[in-house]
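Report on the structure given below.
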Amino acid sequence: QLGSFVVPSRGNHSSLGEQLDPSEPPPTPDFCRGYFDVMGQWDPPFNCSSGEFIFCCGTCGFRFCCKFKKTRLDQSTCTNYETPLWMNTGKPPSRIDDPLHDPTRDKTNLIVYIICGVVAVMVLVGIFTKLGLEKAHRPQREHMS
C-alpha cells in the first residue's frame with residue numbers, strides 16, 4: 001500500500017472485479033433459447049459467441065449477450081416459451097353443414113337483383129316522362145319555307 005492507493009501485487013482482474021482462474025478452462029458460449037417477448041412476438045434462439053459477449057443475459061422478456069457471468073440469466077426460471085394465453089383468441093367454431101340447406105335454392109341474391117332492377121326501371125321511366133312533358137309544353141315554332 002502506497003499512501004492512500006492500493007497497488008495490486010498480482011492477479012488477473014476484469015473491469016468488474018471478477019477473478020479469472022488461469023487453471024479454469026475458458027467459459028463456453030451460452031445459448032439463448034427462443035422466447036415470446038412482451039408483445040407476443042416470437043424471438044428465435046441465438047448463440048452468444050461474439051468476442052467477449054458469451055453469456056445470455058437480460059430478462060425473460062428481453063435477452064441479449066453480455067460479458068459477465070454474474071449477470072447471466074437463469075433461463076430455466078422463464079415461462080415464456082409457449083404462446084401467451086392472451087394471444088389465444090380462440091378458434092372459430094367448426095362449420096356444421098346443414099343437410100337441409102341447398103345453396104342453389106337460396107333466393108336472397110335474386111330478390112336483391114329484382115328490387116334493384118325495378119327501382120332502375122322506375123327512375124328511367126320518370127326521366128323520360130319528364131323529358132316528354134317538357135317537350136310537349138314548349139311553344140311550337142312555325143316553319144317558314
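Quick note: numbers below take in every heavy atom, side chains included, and nothing from hydrogens, waters or symmetry partners. Just so it is clear, the model here is predicted, and its values are computed rather than measured.
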>> Could you list the cluster mates of Tyr35? Members are the ILVMFWY residues connected by side-chain heavy atoms closer than 4.5 Å, either directly or through other members.
In response: Tyr81

> Is there any salt bridge (Lys or Arg N to Asp or Glu O under 4.0 Å) pair reaching into residues 112-137, and which pairs are they, with sequence neighbours excluded?
Replying inline: Lys130-Glu134

>> Under the salt bridge (Lys or Arg N to Asp or Glu O under 4.0 Å) definition, can you give me all pairs with a residue in residues 31-40, not counting sequence neighbours?
In response: none

>> Does any part of the side chain of Cys48, heavy atoms only, come nearer than 4.5 Å to the side chain of Phe53, both counted from C-beta?
In response: no

>> Per the salt bridge (Lys or Arg N to Asp or Glu O under 4.0 Å) rule, what does the pair list look like for residues 45-56, sequence neighbours excluded?
In response: Glu52-Lys67

>> To the nearest 0.5 Å, what is the distance between CG on Leu110 and CD1 on Ile115?
In response: 10.0 Å

>> Could you check whether any side-chain heavy atom of Asn47 comes within less than 4.5 Å of a side-chain heavy atom of Pro29, counting everything from C-beta outward?
In response: no

> If you measure from CG on Leu73 to SG on Cys66, what distance do you get to the nearest 0.5 Å?
Replying inline: 9.0 Å

>> Within the structure provided, determine whether Cys57 and Phe64 are in side-chain contact (heavy-atom separation under 4.5 Å).
In response: yes

> How many angstroms lie between atom OG1 of Thr77 and atom CD of Gln75, to the nearest 0.5 angstrom?
Replying inline: 9.0 Å

>> Using disulfide bond (SG atoms under 2.5 Å apart), reason through Cys56 and Cys65 one step at a time and then give a plain yes or no.
In response: CA-CA 5 Å; Cys56 184; Cys65 298; over 6 Å; no

>> How long is the straight-line distance from CD1 of Ile54 back to CZ of Arg72, given to the nearest 0.5 Å?
In response: 8.0 Å

> Is the shortest distance from a Lys or Arg side-chain nitrogen in Asp43 or Arg63 to a carboxylate oxygen in the other one below 4.0 Å?
Replying inline: no

> Under a single-linkage rule joining Ile, Leu, Val, Met, Phe, Trp and Tyr whose side-chain heavy atoms are separated by less than 4.5 Å, which residues share a cluster with Val112?
Replying inline: none

> Among the clusters formed by ILVMFWY side chains lying less than 4.5 Å apart, do Val125 and Leu133 turn up in the same one?
Replying inline: no

> To which residues is Val38 joined in a hydrophobic cluster, defined by side-chain heavy-atom contacts under 4.5 Å among Ile, Leu, Val, Met, Phe, Trp and Tyr, whether direct or through other members?
Replying inline: Met39

